[in-house]
Structure formats: C-alpha cells, structure tokens
Amino acid sequence: MGSHLLKKGYEPKEVEKRWYKYWEKEGLFSAKDVSDKEPFSIVIPPPNVTGVLHMGHAYNNTLQDILCRYRRMQGYNVLWMPGTDHAGIATQNVVEKELAKERKDRHSLGREKFVERVWQWREECGGLIIKQLRRLGASCDWARERFTMDEGLSKAVRTVFVKLHEQGLIYRGNYIINWCPRCQTALSDLEVDHEDHSGHLYYIRYPFEKEEGGIVVATTRPETMLGDTAVAVSPSDKRYRALEGKAVILPLMNRKIPIISDEYVDMRFGTGALKITPAHDPHDFEIGQRHNLASIKVIGADGHMNEQAGRFQGKDRFECREEVLQALREEGLLEKVEPYQHSVGHCYRCRTTVEPYLSKQWFVKVKPLAEEAIAVVETGATRIIPDIWTKTYFEWMNNIKDWCISRQIWWGHRIPAWTCEDCDELIVAMGPPSACPACEGSTLVQETDVLDTWFSSALWPFSTMGWPDDTQTLKTFYPTSVLVTGFDILFFWVARMMMMGIHFMKEVPFRDVYIHALVRDAEGKKMSKSKGNVIDPLYVIDEYGADAFRFTLAALAAQGRDIKLSEDRIEGYRHFINKLWNATRFSLMHLSDFEPDESGEGVRDLSLADRWILSRLNGVAESVTKNLDGYKFNDAANAIYRFVWHEFCDWYLEIIKPVLYGQPVSAASGERVKEIPKPARYETTRFVLWSALNETVRLAHPFIPFVAEEIWDKLPGTEGSIMTAEFPKSTATRYDAEAETTMDLLMGIIGGIRNIRGEMNVPPSMLVEATVQSPDKGARELLERYRDMVLNLCRLKGLEVMLPDKRPPSSATSVFGNCSIFVSLKGVIDFELEKGRLNKEIAKIVKEFDGIGKKLSNRDFLQKAPQEVVQKVREKGERLAEKKDRLEENLEKVAQLVGNS
RNA sequence: GGGCGGAUAGCUCAGUUGGGAGAGCGUCGGCCUUACAAGCCGAAUGUCGCAGGUUCAAGCCCUGUUCCGCCCA
C-alpha cells in the first residue's frame with residue numbers, strides 16, 4: 001500500500017466500517033468455551049429492546065469494550081456477552097401507542113394476539129441498539145446474543161420461580177403496593193420516583209358521634225377519607241387521651257369510625273390525629289392490621305372512584321379531591337388549608353402519579369437472599385469499585401423490603417402458577433399441571449400476571465450462559481470478571497443479580513463491579529429529550545468518528561465523577577486522533593521500504609533519543625496497565641495522550657528528522673545540505689521509529705480501535721489484526737534511567753533557549769547563537785555530544801559550551817539547573833524587554849525561595865522531618881539561590897546597558 | 001428526616017502512605033519551519049468554598065459551616 005499517499009486529515013467513516021466488518025468476519029470477537037487461555041468475561045447490561053443508543057449506553061459500552069480489547073490483547077479468552085432486555089412495561093407501552101394510532105387497544109386485540117404483535121414489533125424494530133453498538137466499535141460476541149424472553153432464558157426464569165417458591169421465598173398475598181393507574185399494574189418500590197410537590201395540608205373535622213365538636217385530622221389526600229376506617233392518635237399524646245375508644249362520624253359517608261391509639265402516629269404532624277385508610281396508604285395498612293380495621297377500597301384500578309365512594313363514584317381521583325373539599329366546605333368541616341411540600345410517587349415509566357393500592361400480588365422474601373449478598377461483599381469475594389458505593393450497597397441491602405414481582409401487564413414472563421377452579425388449590429410448576437394434586441380436578445387456570453422485568457434481568461449473568469443446564473460456557477466463564485454499570489441501576493439490577501447469582505450458582509456473579517457515573521450536558525444537567533439537551537452518540541460518531549468519541553469518554557471517565565460532555569471536548573480529542581494519524585503519515589514516509597529485522601540487528605547502537613523514547617514507552621505501558629487494572633480509564637487515556645503528543649511527536653519525531661531527511665550533521669552553516677546519511681544510524685532510527693509507533697498503537701488500540709487498526713495495517717511488517725497483537729508489557733530492563741536523565745537536561749536547556757527566543761520575539765526563521773556555561777563537566781560533555789540536537793531544535797547557528805565565564809555581550813539569559821544559558825541577540829536585543837523578563841523570572845524564584853527559607857530556618861522542620869526531605873529542600877534552596885544570583889547578575893548588566901543607551 | 005458526592009486557573013477537571021499546585025480547552029505573543037494551522041514555539045493565570053484544629057509541614061487528615069447536586073424515607 002502506498003503509504004505516502006495517506007490522506008492529510010484522518011477520515012474515520014470509511015475506515016471504521018471496513019475494519020468492523022473485517023473483525024466480525026474474522027471472528028475476532030468470539031469467545032471459546034474451551035481454551036487454554038485464562039477466561040475474562042463480561043455480561044453487557046442489556047439495553048431495553050425498545051432502546052436507542054444514548055450517551056449512557058455509549059459511555060458504559062465504551063468502558064466495557066476498552067476492558068475487553070485490553071484483555072484480549074493480553075491473551076485472555078474474552079467473552080463479552082451481548083443481548084437485550086424485553087423491558088415489560090416500556091415495550092408494552094410502545095406497542096400500545098402503535099395500536100392507538102390504528103384506533104385499537106390491547107383489550108380489543110386480546111392477550112394472545114397482543115403478545116404476538118409485540119413479538120412482531122420486536123422482529124421489525126427491536127434491537128436497533130445492537131446495530132448501533134457496532135458503530136461504537138463494541139467487540140461483543142454477537143453470535144451469543146441473548147434476549148430475556150428467549151426460550152432458554154424463560155426456562156431459567158421459571159426454574160428460579162419454582163425453586164424460590166419451594167423454598168418459601170416466594171409468596172402471594174394481599175398487601176399495599178404501588179399501583180400505576182395508567183399502566184394498570186403493580187410496581188415495586190424501586191419503580192416509583194419520588195418528586196417534591198407543592199401541595200396542601202387539609203385540616204378536616206370529624207364530628208364526635210354524640211357530643212358536640214370533633215377531632216381534626218390533617219391530610220394531603222382528602223379523597224382517601226371516603227375509605228377511612230379509624231382515626232389514630234399517639235398513645236403518649238395527652239391531648240387526646242380522653243378520646244381513645246370513642247367514635248367519630250366520618251363526614252360525607254356518615255360512617256361511625258373509632259379513635260384508636262398507635263405508636264406510629266407522630267404527635268407533631270398536623271393536629272396529632274391521623275385519619276386511617278388501610279386500603280390506600282402503606283402505613284395505614286399496617287396500623288389497620290394491628291387494630292383489625294376493615295380496609296375499604298374507594299379508588300379503582302383505573303384511578304377513578306369506585307362504588308364504595310358513594311356519590312363520588314366514577315369521578316377521577318383528583319377531580320374527586322376537589323369535590324370532597326367542596327362538600328366539606330359546605331358542611332363547614334374543612335377547618336384549615338395550609339400550603340405543604342410533600343413528595344409524590346410517580347411511575348418510572350409513564351410519570352403518572354402512583355396510587356398506594358391494596359391488592360393480591362406475588363412477592364420475593366429477600367431478606368435471606370440479601371444476607372448472602374452482603375456477606376460476599378464483606379469478604380471481598382466481590383469488590384465494588386469505587387469503594388464509596390459499598391456503603392450504599394450495604395445500606396440498601398440491610399433495609400431491604402420484600403420485592404413485589406407481579407405485574408398486571410401482558411408482555412413478559414407469565415407467572416408459572418395455576419389455580420384449581422374446583423378447590424382453589426394454588427399450583428406452582430415448570431409447566432401446566434395435568435390435574436390438581438389436591439382434588440384431581442382438571443380445570444386449572446394459569447395466573448394472568450407476568451413477572452417484573454428485573455426478575456429476569458437478575459438472572460442475566462447465568463441465564464445467558466445456558467443455566468439451568470450445566471453448560472461448558474458456565475464452567476468457563478462464570479463467575480464473570482467484572483460488571484460495568486451505572487449507579488442508577490445499582491439496586492434495580494446489580495443488587496438483585498448478586499442475590500440470585502449467589503443463591504442459585506453458589507458463587508458470586510462477578511469478581512468486580514465497576515460503577516461509573518452519568519454523562520451530563522455541558523452545564524452538568526441531565527440529558528433528556530424534554531430539555532432538548534441530548535447529544536446523539538450516532539451524530540457524534542458521524543461527525544467526529546468513533547475513536548475520537550471513545551477517547552473523549554475514556555479521558556473524562558474519572559472515577560465517581562459525572563462527565564460533562566460538550567462537542568468542544570470531542571473536537572479536542574479528534575485533534576488528538578488526527579495528530580496520531582499525521583505522526584503515522586510522517587513515519588510511513590520514511591518506512592515505506594522498511595523491513596523490520598526479526599534478529600534484532602537493528603537495535604544496535606541506539607541513539608540517546610532512541611533509548612529515551614523506548615524507555616518512555618515502557619513508562620507509558622506501565623501506566624496504562626496499572627490504570628486499566630484499577631479502572632482508572634482517564635489516567636490511562638491521558639498517559640497515552642501525553643506520550644503521543646508531547647513526547648513522541650514533540651520531541652522524538654523532531655529529534656530524528658535530521659537523520660531521516662539526511663540533513664547536515666552541523667546546521668552551523670544554516671544551509672540544508674542533502675547528505676547521504678550513515679546507513680547504520682539511518683537504519684537504527686527507522687527501526688526504533690517503527691517499534692515505537694508499533695507499540696504505541698498497540699497501547700492505544702483498546703481506546704481507539706479503528707484508527708489503531710488502520711495504522712497497524714499500514715505499518716510494514718505487522719501481521720493479522722492488531723486485536724490479536726500482544727499488549728505491551730513494562731519491564732524493569734526497558735527503563736533507561738540514564739537516557740531519561742540526559743534527555744531531561746537537554747530538554748531543559750532547549751526549553752531555556754526557546755523561552756528566550758519566544759519572549760524576545762525572535763522569529764523561527766532567524767538563526768542565532770547561544771552559549772551555555774556550566775561548572776559541571778558532565779553537563780558540558782553531554783551538551784557537546786548532543787550539540788546537533790540543540791542546534792536543530794532551537795534553530796541555532798552555533799552553540800558554545802564552556803565553564804562559567806563572562807556574560808557574552810548583547811545576550812539574553814536564562815538558567816537551567818547549574819547551567820547559564822545565553823542567547824546572543826546582536827542588534828536584535830531589546831534591553832527593556834530583557835530587563836522585564838529577568839525581573840519576572842527573579843520574582844518567581846524569590847517567591848519560591850521564601851517558602852524554602854522558612855522551612856530551613858525552622859528548627860522543628862530540621863529535626864522532625866525525614867532527612868530525605870530536608871536534604872531535598874536544601875538542595876532545592878541552593879539551586880534556587882544560585883539561579884537567582886545568576887539572574888540578578890545579568891539583570892544588573894542589562895540595567896547598566898539600558899542606562900547607557 | 002437519613003446518607004453520599006462536589007467546591008482547585010476564565011471554563012471542564014486531575015491531584016493517596018501529608019513534603020515542589022497541574023492538565024486540557026480558552027486567552028495573549030511569535031510563526032504556513034519540507035507529518036499535522038485539526039499545527040509549531042513561547043507566555044500569563046490560583047485566598048485549593050469558609051472558619052477552626054492536628055502536624056515541623058495540610059488541596060490532602062479531623063471538627064464545624066455555607067452553597068450546589070444526587071440517593072433513600
């Protein structure tokens with residue numbers, strides 16, 4: 001391939017499509033059930049089948065893909081298990097909306113037809129997100145894609161249900177649950193979002209049965225009074241002691257209800273008297289149980305008042321509230337209305353205000369399961385990262401309440417329970433029983449409810465691997481290595497997978513749980529369609545390329561911190577991709593006919609720069625490895641960024657240019673003489689350039705797979721996909737302290753000269769002379785040795801290296817270490833400018849020196865601080881003092897010159 | 001009401017056995033120097049939210065406090 005023909009700007013579109021196809025075709029994402037390699041496995045948090053890729057998915061999956069690609073290159077047998085979730089209510093809502101357009105509803109269709117219709121919808125429109133994940137570069141083993149309603153996973157669901165029922169951990173009963181009148185189904189506590197709402201507190205007088213007067217209760221939901229069956233006061237409330245056991249007349253309903261006392265009542269709330277509606281409030285329900293009160297349901301499943309609501313029957317619950325208030329006003333029983341802030345529950349799917357509702361539902365008794373799930377985190381069998389979430393996890397697990405798992409919708413796993421019409425016997429079984437085990441009756445009716453979607457998601461780590469069958473996949477890949485997910489589903493999903501995994505597999509579902517934060521907009525607001533502040537990941541990929549996008553997410557992925565994403569940030573990282581691309585273009589210009597020498601002949605006689613870049617590369621490999629192992633994606637990404645841009649490009653490529661271009665060994669003449677380069681030096685340089693670039697793209701591949709593969713492909717002497725190449729290892733032998741120290745000195749001197757040029761506005765086209773004076777023989781020798789590097793990078797026509805001596809005339813000064821740097825500016829120097837520059841420099845040193853002086857004059861510091869630290873401070877003080885002296889000396893001379901002119 | 005997180009340069013944020021306040025973006029100055037102007041070279045910029053405490057030494061540890069955000073009830 002004609003590498004010198006690479007386009008000037010990197011164009012991701014075509015490249016990404018081509019390589020993704022190639023990876024899939026070559027089966028590079030596929031995991032082996034049987035392998036000598038060590039396993040590494042991740043199950044994807046299954047997106048809703050109705051979902052489209054949003055920033056949260058993009059972030060979550062980018063992190064997973066980085067880990068998978070990293071481990072694959074390290075030689076692991078990687079399984080990244082993909083799939084989607086049937087998302088009961090969400091999917092049902094989508095299809096119902098579609099039906100509504102056809103002026104139909106699910107009831108007119110009937111259950112069976114409706115479910116068919118949902119399957120059909122799924123065939124046609126579902127799982128779009130799976131295609132979108134490919135655009136991101138996700139390296140899932142697509143052949144293993146699962147769906148929570150697949151036959152295999154459904155079998156797992158039924159098995160778990162039956163077993164838990166056998167073990168007494170699933171039960172059915174009449175309790176207050178959260179009811180969504182729009183979705184017409186029960187919800188678990190977690191599926192209710194609480195929002196603060198400015199409402200009112202209504203004070204209503206319930207007249208005594210016989211005497212005058214009455215007791216005043218306070219409520220935010222007056223319509224529920226129609227179902228009141230008592231008034232409760234606190235047993236320690238002296239105000240009401242005399243009233244206990246008496247009765248009041250429930251207004252509007254003219255029902256006699258007792259005044260009872262219960263510890264639950266808070267004397268400070270309202271009047272201290274609480275109306276009790278067991279059928280419509282969870283606390284009231286419990287009080288009702290304790291006092292054997294009747295539960296009267298006055299609100300129906302559809303959110304309208306029912307026949308128990310007397311003259312209010314048929315009214316919407318909120319309409320009814322107004323009418324009840326009006327009626328009370330008319331009767332003079334509404335004593336007072338106060339503005340009141342209280343939280344109101346909303347359905348997490350459709351935002352409808354949730355109604356506490358008494359009904360017969362199925363529950364999981366989670367306490368015993370939670371105990372196991374707590375234990376494994378305590379022992380460290382599963383680590384939660386960052387650790388801060390461990391406490392939240394424990395908190396929730398310790399205060400867990402039974403989980404309502406039945407839903408009155410049609411799309412989902414139907415509860416495997418049957419009722420005998422003859423004797424009412426309840427049978428829970430894997431499949432339809434042929435006869436009632438109690439009475440042998442044959443009319444058995446299956447439970448119409450389906451299971452909470454999260455019930456099947458809870459089994460995901462093992463149901464996707466074939467459980468309840470004893471599969472090789474399970475043997476190889478369970479428990480999974482890590483789960484990567486957002487904190488928003490820590491309870492919904494992670495906690496439940498922990499419980500189910502441990503209970504059924506006798507082994508934790510994951511070794512690590514990495515919890516990441518949220519992607520927000522540039523102002524830190526949550527992205528939402530209604531706010532109009534969403535950034536579409538697909539748009540970003542089209543516009544900037546998947547690599548730039550992925551790298552942005554990784555670079556901003558600081559643990560425990562939300563990402564504030566803006567297009568500007570992505571654009572910035574696109575520049576990085578382009579930088580790498582152009583560095584490659586440059587390299588390939590000189591490598592087109594290069595053939596890497598397997599024998600290692602090429603590594604003889606490395607130059608300083610060669611040794612330095614290889615040593616630095618080792619440092620980056622170490623940093624990336626350490627940070628990825630610790631899920632510090634941002635640190636890993638930034639290490640690569642810094643290396644590529646500020647070491648490889650800014651220094652290494654600049655240093656080797658003369659060798660590659662065959663430029664004059666001495667630039668002193670200021671002319672570029674095309675010389676035939678020394679073959680050995682040239683070949684060595686090409687070898688190191690090739691190695692460095694080769695290793696760099698391997699390090700970068702997990703983050704920016706497409707461009708890395710493209711570069712890998714263009715690089716001579718590479719074979720196969722970069723996905724199967726080895727991830728660079730850091731070894732102590734590759735660290736070259738001497739090269740790094742020497743380069744630090746040279747870079748410091750070069751920096752000093754460049755600083756003068758920049759500050760004094762010397763244009764790059766102007767070649768100047770410089771002098772470095774140092775008492776240090778070693779430093780002088782190094783400068784002599786690498787004179788050409790300095791000449792070249794500073795655009796000098798001459799460099800004199802000498803012992804400290806007189807200041808060269810008409811020069812500007814700077815100091816690095818024990819070296820004084822002079823740049824001769826004959827005829828160009830502006831002494832005022834130089835004076836200002838020196839003053840500024842001195843002021844900086846003085847400031848720093850003050851702090852050090854204080855330390856060194858502090859006896860306590862000298863005595864108590866470790867000698868190491870004291871020594872370091874001393875040395876630094878000396879360095880600064882010397883630097884200051886030099887600069888002041890120069891300032892004085894410059895001041896004289898200014899005075900003379 | 002309970003719990004958690006954040007507050008560091010103009011912006012977004014790094015900063016762990018406590019010992020030299022940093023990066024990116026933006027800004028300013030100089031450059032189209034034969035990979036890249038999506039670039040190169042250089043520069044400026046801080047009461048580390050506030051108040052105490054521990055320590056020879058605090059952005060970091062402790063206590064209190066203010067503001068912002070989140071979770072749970």
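Quick note: numbers below take in every heavy atom, side chains included, and nothing from hydrogens, waters or symmetry partners. Here is how names work: the chains are called A, B, and so on, in the same order as the sequence lines, proteins then strands, and each is numbered from 1.
Atom name P, nucleotides B/G29 and B/A44: the rounded distance is 15 Å, in whole Å. Comparing the same atom, P, in B/U63 and in B/A73 gives a spacing of 27 Å after rounding to whole Å. Between B/A21 and B/U33, the distance separating the two P atoms is 39 Å to the nearest Å. Between the P atoms of B/G18 and B/A57, the separation comes to 16 Å (whole Å). Comparing B/G59 with B/U8, their P atoms are spaced 15 Å from each other, to the whole Å. B/C70 sits 23 Å from B/A9 when the P atoms are compared, rounded to a whole Å. Comparing B/C50 with B/A14, their C1' atoms sit 23 Å apart, to the nearest whole Å. Of the P atoms belonging to B/C48 and B/G39, the separation is 33 Å, rounded to the nearest Å.
Side-chain proximity of A/Pro764 to the nucleotides B/C31, B/C56, B/C36 is greatest for B/C31. In this structure, of B/C72, B/C70, B/C56, it is B/C70 that holds the atom nearest to the side chain of A/Phe487. Nearest to the side-chain atoms of A/Lys876 among the listed nucleotides B/C72, B/G20, B/A14 stands B/G20. Checked against B/C31, B/G42, B/G19, the side chain of A/Pro866 finds its nearest nucleotide in B/G19. With distances taken from any side-chain atom of A/Asn761 to the nucleotides B/C41, B/G19, B/G30, the minimum falls on B/G30. Of the candidates B/G19, B/C36, B/C72, B/G19 carries the atom nearest the A/Ala865 side chain, counting heavy atoms from C-beta on.
Within 4.0 Å of A/Glu654, counting heavy atoms only, lies at least one base atom of the nucleic acid. Backbone-only engagement by A/Lys840 is indicated by non-hydrogen atom pairs under 4.0 Å involving sugar-phosphate atoms exclusively. As judged by a 4.0 angstrom heavy-atom cut-off over every strand, A/Glu759 is placed among residues touching the sugar-phosphate backbone only. Nucleic acid contact class of A/Asp650 (heavy atoms, under 4.0 Å, all strands): sugar-phosphate only. If you check every strand for non-hydrogen atoms under 4.0 Å, A/Lys872 touches nothing. Nucleic acid contact for A/Asp568: none, since no nucleic acid atom lies under 4.0 Å from a heavy atom of the residue. Across all strands, A/Ile388 comes closer than 4.0 Å only to sugar-phosphate atoms, never to a base (heavy-atom distances). Across all strands shown, A/Tyr641 has heavy atoms under 4.0 Å from sugar-phosphate atoms exclusively, and none from any base. At the heavy-atom level, A/His283 lies nowhere under 4.0 Å from the strands shown. Across all strands, A/Arg569 comes closer than 4.0 Å to base atoms (heavy-atom distances).
Taking atom CG of residue A/Asp744 and atom P of nucleotide B/G20, one finds them 19 Å apart after rounding to whole Å. To the nearest angstrom, P of B/A57 lies 7 Å from CG of A/Asp860. Put simply, CG on A/Leu556 is 13 Å from P on B/C25, counting in whole angstrom units. Straight-line distance from the CD atom of A/Glu11 to the P atom of B/A38: 14 Å, rounded to whole Å. Whole-Å rounding puts the A/Met766 CE to B/G42 P distance at 18 Å. What separates CG of A/Asp488 from C1' of B/C4 is a distance of 16 Å, to the nearest Å. In this entry the distance linking CG of A/Asn634 with P of B/G15 reads 7 Å, nearest Å. Between the C1' atom of B/G24 and the NE2 atom of A/His646 lies a distance of 8 Å, rounded to the nearest Å.
Phosphate proximity of B/G39 to A/His575: present, with a side-chain N or O under 4.0 Å from OP1 or OP2. Between A/Trp396 and B/C4, a side-chain N or O to OP1/OP2 separation shorter than 4.0 Å is absent. Neither OP1 nor OP2 of B/G39 sits under 4.0 Å from any side-chain N or O of A/Lys579. Between A/Asn755 and B/A43 there is a side-chain N or O to OP1 or OP2 distance below 4.0 Å.
Nucleotide B/G5 has B/C68 as its partner under the Watson-Crick or G-U criteria, with both atom distances under 3.5 Å. Base-pair partner of B/G46: not found among the strands shown (Watson-Crick or G-U wobble, both distances under 3.5 Å). Pairing for B/U17 is absent, judged as Watson-Crick or G-U wobble with the two contacts each under 3.5 Å. Figure legend. B/G10 is base-paired to B/C25; pairs are counted as Watson-Crick or G-U wobble with both atom distances under 3.5 Å. Across every strand in view, B/C60 sits unpaired, with no contact that passes the Watson-Crick or G-U test at under 3.5 angstrom. Pair assignment for B/C40 gives B/G30, based on Watson-Crick or G-U wobble hydrogen-bonding distances that are each under 3.5 Å.
In this structure, A/Asp635 does not pair ionically with A/Lys626, as no charged nitrogen and carboxylate oxygen lie closer than 4.0 Å. For the pair A/Lys657 and A/Glu654, the salt-bridge criterion is met [side-chain N within less than 4.0 Å of a carboxylate O]. Using a 4.0 Å cut-off between a side-chain N of Lys or Arg and a carboxylate O of Asp or Glu, A/Glu355 and A/Arg221 qualify as a salt bridge. A salt bridge links A/Arg616 with A/Glu740: the closest approach of a Lys/Arg side-chain nitrogen to an acidic carboxylate oxygen falls below 4.0 angstrom. In summary, A/Arg837 and A/Glu759 do not engage in a salt bridge, as defined by a charged side-chain N under 4.0 Å from a carboxylate O. No salt bridge links A/Glu543 with A/Lys13; every basic N to acidic carboxylate O contact stays at or beyond 4.0 Å.
Place A/His194 and A/Ile750 on RNA chain B by their nearest nucleotides, and A/Ile750 ends up nearer the 5' end. Comparing A/Glu841 and A/Arg642, the nucleotide of RNA chain B nearest to each residue sits closer to the 5' end for A/Arg642.
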* Given the rule in the ring-ring contact (aromatic ring centres under 6.0 Å, His included) test, do A/Tyr348 and A/Phe492 qualify, once you have shown the distances and angles that lead to the verdict? -> CA-CA 12 Å; A/Tyr348 85 137; A/Phe492 272 110; 5.5 Å; yes
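Results of the ring-ring contact (aromatic ring centres under 6.0 Å, His included) test with A/Phe576 over A/Phe643, A/Tyr544, A/Tyr641 single out A/Tyr641 as the only residue that passes.
Ring geometry for A/His283 against A/Tyr264 counts as parallel: the plane angle stays under 30°, on a 0 to 90° scale with 60° as the upper cut.
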